[in-house]
Engineer: 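The structure follows.
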Protein chains: 2
Amino acid sequence: MARRVRAYAGAVETRELRYFVAVAEELHFGRAAQRLGMAQPPLSRAISQLERRMGVELLQRDSHSVSLTAAGAVLLHEGRAALEAMEAAEHRTRRAALAAAGRPSIVLVTKAGASSELLAKLLHAYAAEPGSIPVDVMLCGPGQQARLLAGGRADVALLHRPFDDTTGFDTEELLTEGQVAVLPAGHVLSTHPSLRLSDLDDVPDLPRPRWPTSDGSYPPGPGPEVQSHSQLLQLISLGRTLMVSPDSCRSQLRDDTVAVPLVDAPRVTTVIAWPPSSRSLAVADLVRTAVRL
Amino acid sequence: MARRVRAYAGAVETRELRYFVAVAEELHFGRAAQRLGMAQPPLSRAISQLERRMGVELLQRDSHSVSLTAAGAVLLHEGRAALEAMEAAEHRTRRAALAAAGRPSIVLVTKAGASSELLAKLLHAYAAEPGSIPVDVMLCGPGQQARLLAGGRADVALLHRPFDDTTGFDTEELLTEGQVAVLPAGHVLSTHPSLRLSDLDDVPDLPRPRWPTSDGSYPPGPGPEVQSHSQLLQLISLGRTLMVSPDSCRSQLRDDTVAVPLVDAPRVTTVIAWPPSSRSLAVADLVRTAVRL
DNA sequence: CCTGGCCATACCGTGGCGGTATCGCGCCTG
DNA sequence: CAGGCGCGATACCGCCACGGTATGGCCAGG
C-alpha cells in the first residue's frame, strides 16, 4: 500500500542540501557523515526528513548499498549548482565589501601553465586601459577553474575547450591551437617529427601524471602525483612522465624537454568566461580587451 | 576604534538569505517581517547576525530609513539568483520523480498571447517527432517567463528580445518580426497607414494597460488593470486601451480591432530558452525541432 | 551460526529561533 | 518645546530541532 505523503511546506535549507550532496556523492552514510564532521544517525535522519518533506524518494537503500533514484540524480546535479550559487553570493558580497573599502580588484583564474603568453599579453593590455583595476591571477589545477568561477571565488576565467565545461557561463573565444606531447629530451619518442595520441598509450617508462581531484585525493595509476606545472616539467626532464599540452606551452619549456606535435589530438580553444550574472564593468572591460587581442 | 570581527565560519542558510532579500526589497524591517509572516525583532536579529557572520555591512540604518550598501546590493542580486537555483533544484527534483513514476512531460512557458502561431507549429512538429513526450504549456504575464524558468517551474521558455532578459539561459533564435499597435476599430489613430511610438503617448482616451508585477500588485497609472490577453483584447475593442505587440498577434485579433504597423518600434526576436544545466533529452529534442521550423 | 558492516530508531541535552515586552532615538506636530 | 509616534534594537523567555550516544535490525560473508 502506497503511503500518502502530506503536501510539501517549506523551502530546502542549504544545510539539508549539503548533507544530501555529501551522501549522494559518497553513496555511504558513514563516510558522508565523517566528511561532514558529524555522526551518522543525525545525517540519516536529516536525509529521510528531506525525502519526507519533499515527498520524493531520493536514495534507494537496498541491503548493504545505497544508490540514487532518478529524482536523486536530478537533485544532486541541480543541488550542486544551487550550492555553488549560494557560495558565489557569499564570496562576491565579501569581495564587493572589500572593493567598496578601497581595494577593488578582479580575480582571474586559469589552469597553471596554460596560455601563459596570451595571459601576459592580456594583463599588459588591460593594465594600459584607462580605468583598469588590479587583476589578481589565481592558478589552479586542471578542471578546477569552472568550480572557482561558479563558486564566486573568481570573477573571470580562461577555460580550454573541449576539456573544460563552459555550460552556464558567458564566453568569448580567444585562440585555437593544436597540441604537442612534451617528452624528456633523448627519449625514443622525442625523435619522431610527429606523433599520434595512441603512440603515447602504453609507454611503460612514461606513465601519465596524476593530478589531485577536487577532494584532494589522487586517482589510482602508475604515474607520479603532481601538484604543479613546474613540478611536472621537472618530472618530465627527469624522464619519469610526459605531458600533452597546447602548442603555446612551448615557450615555457626547459631545454631538456622536447615538444612533438600530435597530429590527431583535438584542437584546443582558449576562451574567456564569466558568470552571466556579472554586472562588473571591470570584468566587461577585461573581456573587451581580451577579444581585441 | 574599528571593532575586529572574527573570521567567518559557516555557510549562509537559505532562510537567512530569504530574510535579507525581503528586507533589501522592502527597505523596511516591519513590512519585510509582515511579508515573511514573522515579527520584526527576530528579523532584525537575523539580519545583524548575518552581517556579523559575514563580516560585511549590508544595510545602512540611518534614522528613519534603511538603504543598501554596495555589498548589500551585490548580495541582493546574487542572492536572488541563488534562491532561484535552490527553488529550481527542488521543483526539478519533484518533476523528475513524477516523470520516473510514469508521467514524463515538458513544461513550456510563454507570454500569454505571443507567438501563438509559432507555438502551435512547434507543438505540432514536436508531437510528430519519434519519442516525443507531452508538453504542458504554461501561459503567464509579461516578464514572468524568465523567473519561472530560472525557478525550475518550467523546462523551456519562449522569450522575446529585447523585452525579456535572457542572461543565464542558453537560447536559439526562432523568429524576428516588427511590431504593430492594436487599436479599437474606428479610433482616429486606426485610420493611419502606419504610426510612430510617440504617436501612442499621451492619447488620453487610450491609456496603456497595467499588468500585475511579480508581487501581484499593479503599478499606478490611468490605464486599466488586466490579467489576461483576452481581457486586454476585449478592453481594446471596447475602446478603453491599446496594445503594442509583435506582428504575429494579428492572426488572433477580433474583427473590432485594428493593427497598425509601428515604423520605429524595436524589432522583436522570439527565442527558445532553457537552463544551461538542463540534461533533458526531451528539451533538447524540442529545441532541435524549434530551430528546424 | 556467528560476526561484522551499515542504516534506522530511541532517547537526551543544548543551542538557536521566534515570540512578547520594552527601550532608544529622531521626526513631526500642536 | 513637550509629547506622540514610527521604527529599529535589545532583553528575556519558551520551544523545537538539531546533533550526540546507545542500540536495534538486517543482511552478507566466513
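Labels below follow one simple rule: chain letters A, B, ... track the order of the sequence lines, proteins then strands, and each chain is numbered from 1.
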Engineer: Quick check: on DNA chain C, is the nucleotide nearest B/Leu43 upstream (toward 5') of the one nearest A/His64, or the reverse? Name the residue that is more 5'.
Structural biologist: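 Upstream on the strand: A/His64.
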
Engineer: Applying salt bridge (charged side-chain N to carboxylate O under 4.0 Å, His left out), can you list everything that pairs with A/Arg31, at least two apart in sequence or on another chain?
Structural biologist: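 Only A/Glu26 meet the salt bridge (charged side-chain N to carboxylate O under 4.0 Å, His left out) criterion with A/Arg31.
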
Engineer: Going through the distances and angles, do B/Gln49 and B/Tyr19 end up as a side-chain hydrogen bond (donor to acceptor under 3.5 Å, both in side chains)?
Structural biologist: CA-CA 12 Å; B/Gln49 216 168 68; B/Tyr19 289 2; over 6 Å; no

Engineer: Which is more 5' along DNA chain D, the nucleotide nearest A/Pro42 or the one nearest B/Asp62? Just name the residue.
Structural biologist: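 The residue mapped nearer the 5' terminus is B/Asp62.
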
Engineer: Can you name the residues that form a side-chain contact (heavy atoms from CB on, under 4.5 Å) with B/Leu27, not counting sequence neighbours?
Structural biologist: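 B/Leu27 satisfies side-chain contact (heavy atoms from CB on, under 4.5 Å) with B/Val66, B/Leu68 only.
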
Engineer: According to salt bridge (charged side-chain N to carboxylate O under 4.0 Å, His left out), who are the partners of A/Arg61, at least two apart in sequence or on a separate chain?
Structural biologist: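 For A/Arg61 the salt bridge (charged side-chain N to carboxylate O under 4.0 Å, His left out) partners, ignoring immediate neighbours, are A/Glu51.
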
Engineer: With sequence neighbours excluded, tell me which residues meet salt bridge (charged side-chain N to carboxylate O under 4.0 Å, His left out) with A/Arg240.
Structural biologist: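 If we apply the salt bridge (charged side-chain N to carboxylate O under 4.0 Å, His left out) test to A/Arg240, skipping adjacent residues, there are no hits.
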
Engineer: If only atom types and distance count, is the side chain of B/Thr93 paired as donor or acceptor with the main-chain N or O of B/Ala89 below 3.5 Å?
Structural biologist: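 At least one qualifying donor-acceptor pair exists.
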
Engineer: Chain B on DNA chain D: first and last contacting nucleotide, 5' to 3', under 4.0 Å to a heavy atom?
Structural biologist: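 Going 5' to 3' along DNA chain D, contacts run D/dG6 to D/dC12.
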
Engineer: Name the nucleic acid region contacted by A/Glu13, choosing base, sugar-phosphate or nothing; use a 4.0 angstrom heavy-atom cut-off, strictly under.
Structural biologist: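 Nothing, no heavy atom under 4.0 Å.
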
Engineer: If the threshold is 4.0 Å, N to carboxylate O, is there a salt bridge linking B/Arg94 and B/Glu90?
Structural biologist: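 Judged by the 4.0 Å cut-off on N to carboxylate O distance, B/Arg94 and B/Glu90 do form a salt bridge.
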
Engineer: Apply side-chain contact (heavy atoms from CB on, under 4.5 Å) to B/Thr14 and list each qualifying residue two or more places apart in sequence or on a separate chain.
Structural biologist: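 For B/Thr14, the residues satisfying side-chain contact (heavy atoms from CB on, under 4.5 Å) (neighbours in sequence not counted) are A/Glu13, A/Thr14, A/Met86, B/Arg18, B/Leu83, B/Met86.
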
Engineer: What residues form a side-chain contact (heavy atoms from CB on, under 4.5 Å) with A/Ala22, not counting sequence neighbours?
Structural biologist: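 A/Ala22 satisfies side-chain contact (heavy atoms from CB on, under 4.5 Å) with A/Ala32, A/Arg35, A/Leu36 once adjacent residues are dropped.
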
Engineer: Angle between the two end axes of the helix from C/dC1-D/dG30 to C/dG30-D/dC1, five base pairs per end, rounded to 10 degrees?
Structural biologist: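 Rounded to the nearest 10 degrees, the bend comes out at 10°.
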
Engineer: Is a side-chain N or O of B/Glu78 found less than 3.5 angstrom from the main chain of B/Val74, in a donor-acceptor match?
Structural biologist: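 Checking the backbone N and O of B/Val74 against the side chain of B/Glu78, no donor-acceptor pair under 3.5 Å is found.
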
Engineer: Short question: side chain of B/Ser105, backbone of B/Val135 - any donor-acceptor pair under 3.5 Å?
Structural biologist: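 Not a single qualifying donor-acceptor pair exists.
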
Engineer: Go through the structure and list residues passing side-chain contact (heavy atoms from CB on, under 4.5 Å) with B/Ala146, not counting sequence neighbours.
Structural biologist: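 Testing B/Ala146 for side-chain contact (heavy atoms from CB on, under 4.5 Å), a comparison that skips the adjacent residues, returns B/Phe169.
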
Engineer: Going 5' to 3' along DNA chain C, which nucleotides are the first and last within contact of chain B (any atom under 4.0 Å from a heavy atom)?
Structural biologist: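 Span of nucleotides near chain B: C/dC17 to C/dC27.
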
Engineer: Which residue pairs pass the salt bridge (Lys or Arg N to Asp or Glu O under 4.0 Å) test when at least one of the two sits in residues 133-153 of chain B, sequence neighbours left out?
Structural biologist: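 Checked against salt bridge (Lys or Arg N to Asp or Glu O under 4.0 Å) - neighbours excluded - the pairs reaching residues 133-153 of chain B are B/Glu87-B/Arg153.
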
Engineer: May I ask you to say what A/Arg45 touches in the nucleic acid, namely base, sugar-phosphate or nothing, with a heavy-atom cut-off under 4.0 Å?
Structural biologist: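 Here A/Arg45 touches the bases of the nucleic acid.
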
Engineer: Can you list, in residue-number order, the parts of residues 21-29 of chain B that come under 4.0 Å of DNA chain D, counting heavy atoms only?
Structural biologist: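 Going residue by residue through residues 21-29 of chain B, the ones with a heavy atom under 4.0 Å of DNA chain D turn out to be B/His28, B/Phe29.
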
